[in-house]
Amino acid sequence: MRRKANSRSYQEFNDDDDDEGNVQSPDFFDDATEDLEPEEPNGSISQEDDIRENSPSMRFSKTCLKNVFTVVLIFIYLLLTAVAAFLAYQTISDFLDKLNHPVMSVTYKEVDSFSPPGIALYPGKAQLLSCRHHFHDYIPPLVDPGKPQEGDCTIKDVTYFGPFTNQTEKRALVVRGPSDVRNKELIFMQFSHNETEEDFSAITYMLFAKFSDFTNSANKSEFMRDCERNYSMWTFSGGFRTWVKMSLVRTSGKSSESVEFRQESTVVKFNDKRPEAEQSNQLFFAVFEWRDPFMQEISLIVTANPWNSVAILCGVFMALFKAANFAKLTIQWIIKMRKRHLRNKARELNQIS
């Protein structure tokens, strides 16, 4: 009886590698001790541990715990894989977005003087009375307002057909603008208009980058057409002094460069002290000056760095590869444990029967 019990105990620990036959595997002890529990230092298993390991409830609890732990690990790695895939998609999207939408870099360059701009005025039926240069923001008191006075401005008269209304001929007075920004050079102009039946009266003007471009152009009419097509138009009203402070903005793009003016204007009412008979002749006053000695330069910069994106994608793909490798090993381990459980269960059923 004792020999039979020993033989049965040995058969319970024996493993079967062949699913169809009943041949015992000599490596079962190594696999079992390696996968389930480590060996004791002296290499022996006590009788108490033997009974505990062979109990069905203990084996079921260990198997259930391992399965739960495996499912949790798979879920964690699937979550990490989804995060890595989202990071790869986000990196590629950000790179393409930065490549297609460059950012603006704004710098300010300080200068002692600007190139004299061109001031194109469209007086219509108004008459230019005077145009003078002054410095240090000082404009002397008006002498005989409404009457022609001597001036020191460089003025060119040009006529051309507008770019948007080809049948309408325009007349422009092109004035050489101020340049000495350190001494606050300004230009003060007076106009008069004797048409009183109009509800509103104003004089339109336009600023362009360089007066020398106008004087050096072979076809001044065509030059003015291009300026009107590319630059903005402003107005100043009669009965007021309009003080215009200009600033220059240069914008550099991928293939071209543009220049535009920005302006700050203030309006002061003119106290007309002329005799009432002369007040029917409406007066216009305009002052043009540089706002400050800083030129604003705007350049478009592509912030997308392909090397950073490649480095991030390499890290993401390595994480995906590791996750896929882990998932493969985990599935193989689950299949192995499932087969072992089925073999042990079949062996127990055979022994009972």
Side-chain angles (χ1 to χ4, degrees), residues 116-162 165 167-180 183-208 211 224 227-228 231-247 261-291:
I119 305 173
L121 300 121
Y122 301 89
K125 296 182 180 180
Q127 178 185 2
L128 178 62
L129 299 179
S130 66
C131 178
R132 295 189 62 87
H133 289 260
H134 299 284
F135 293 90
H136 306 294
D137 287 344
Y138 174 72
I139 299 176
L142 294 176
V143 179
D144 295 332
K147 296 181 180 179
Q149 299 176 9
E150 293 183 359
D152 55 1
C153 296
T154 303
I155 302 174
K156 301 291 183 179
D157 197 341
V158 60
T159 57
Y160 65 97
F161 289 97
T165 55
Q167 303 301 323
T168 303
E169 187 177 20
K170 292 187 175 182
R171 171 178 173 267
L173 297 177
V174 183
V175 181
R176 185 180 184 271
S179 62
D180 192 350
N183 292 320
K184 295 185 177 181
E185 180 185 4
L186 58 86
I187 289 179
F188 178 65
M189 290 182 284
Q190 298 183 60
F191 291 87
S192 66
H193 191 205
N194 56 10
E195 295 290 335
T196 58
E197 66 273 5
E198 297 178 357
D199 294 333
F200 302 96
S201 56
I203 293 178
T204 304
Y205 66 94
M206 176 181 63
L207 303 173
F208 58 89
F211 181 77
M224 292 303 299
C227 287
E228 186 175 346
Y231 290 96
S232 301
M233 308 286 285
W234 292 281
T235 58
F236 58 90
S237 302
F240 298 92
R241 186 191 71 180
T242 304
W243 196 303
V244 179
K245 292 190 176 182
M246 306 173 293
S247 60
F261 281 89
R262 294 179 183 174
Q263 64 173 17
E264 296 177 0
S265 60
T266 56
V267 178
V268 180
K269 186 179 182 301
F270 169 63
N271 296 322
D272 198 347
K273 300 177 182 178
R274 296 176 298 170
E276 187 175 354
E278 298 179 3
Q279 291 183 7
S280 61
N281 196 10
Q282 194 171 21
L283 298 181
F284 299 77
F285 304 94
V287 181
F288 291 91
E289 179 189 7
W290 288 105
R291 187 182 66 178

About how many Å separate [atom2] of [Y] and [atom1] of [X], when rounded to the nearest 0.5 Å?
| X | Y | atom1 | atom2 | value |
| --- | --- | --- | --- | --- |
| Gln149 | Leu129 | CD | CG | 7.5 Å |
| Met233 | Glu228 | CE | CD | 5.0 Å |
| Lys245 | Glu264 | NZ | CD | 7.5 Å |
| Thr235 | Leu121 | OG1 | CG | 12.0 Å |
| Tyr160 | Cys227 | OH | SG | 8.5 Å |
| Thr242 | Trp234 | OG1 | CH2 | 13.5 Å |

Residue pair [X] / [Y]: nearest heavy atoms and the distance that separates them:
| X | Y | answer |
| --- | --- | --- |
| Ser130 | Glu150 | CB-O, 4.3 Å |
| Ile203 | Tyr122 | CG2-O, 3.7 Å |
| Pro140 | His134 | CD-CE1, 3.4 Å |
| Arg132 | Gly151 | CG-CA, 3.9 Å |
| Arg171 | Pro123 | NH1-CG, 3.7 Å |
| Met189 | Phe288 | CE-CE1, 3.2 Å |

Do [X] and [Y] touch side chain to side chain, with heavy atoms closer than 4.5 Å?
| X | Y | result |
| --- | --- | --- |
| Leu186 | His133 | no |
| Arg291 | Arg262 | no |
| Phe261 | Val244 | no |
| Cys153 | Arg176 | no |
| Pro178 | Lys184 | no |
| Val267 | Ser237 | no |
| Leu128 | Ile155 | yes |
| Lys170 | Met224 | no |

ring-ring contact (aromatic ring centres under 6.0 Å, His included) with Phe270: which of Phe191, Phe236, Phe284, Phe285?
Phe285

Please test Val174 against Phe211 for side chain to side chain contact (heavy atoms under 4.5 Å, CB included), starting from the C-alpha separation and ending with a verdict.
CA-CA 8 Å; Val174 183; Phe211 181 77; 3.7 Å; yes

For residues 272-290, pull every pair meeting salt bridge (Lys or Arg N to Asp or Glu O under 4.0 Å), keeping only residues two or more places apart or in separate chains.
Asp272-Arg274

Under 3.5 Å: donor-acceptor pair, side chain of Glu185, backbone of Ser179
yes

Any donor and acceptor pair, going by atom type alone, linking the side chain of Asn194 with main-chain N or O of Asn281 inside 3.5 Å?
no

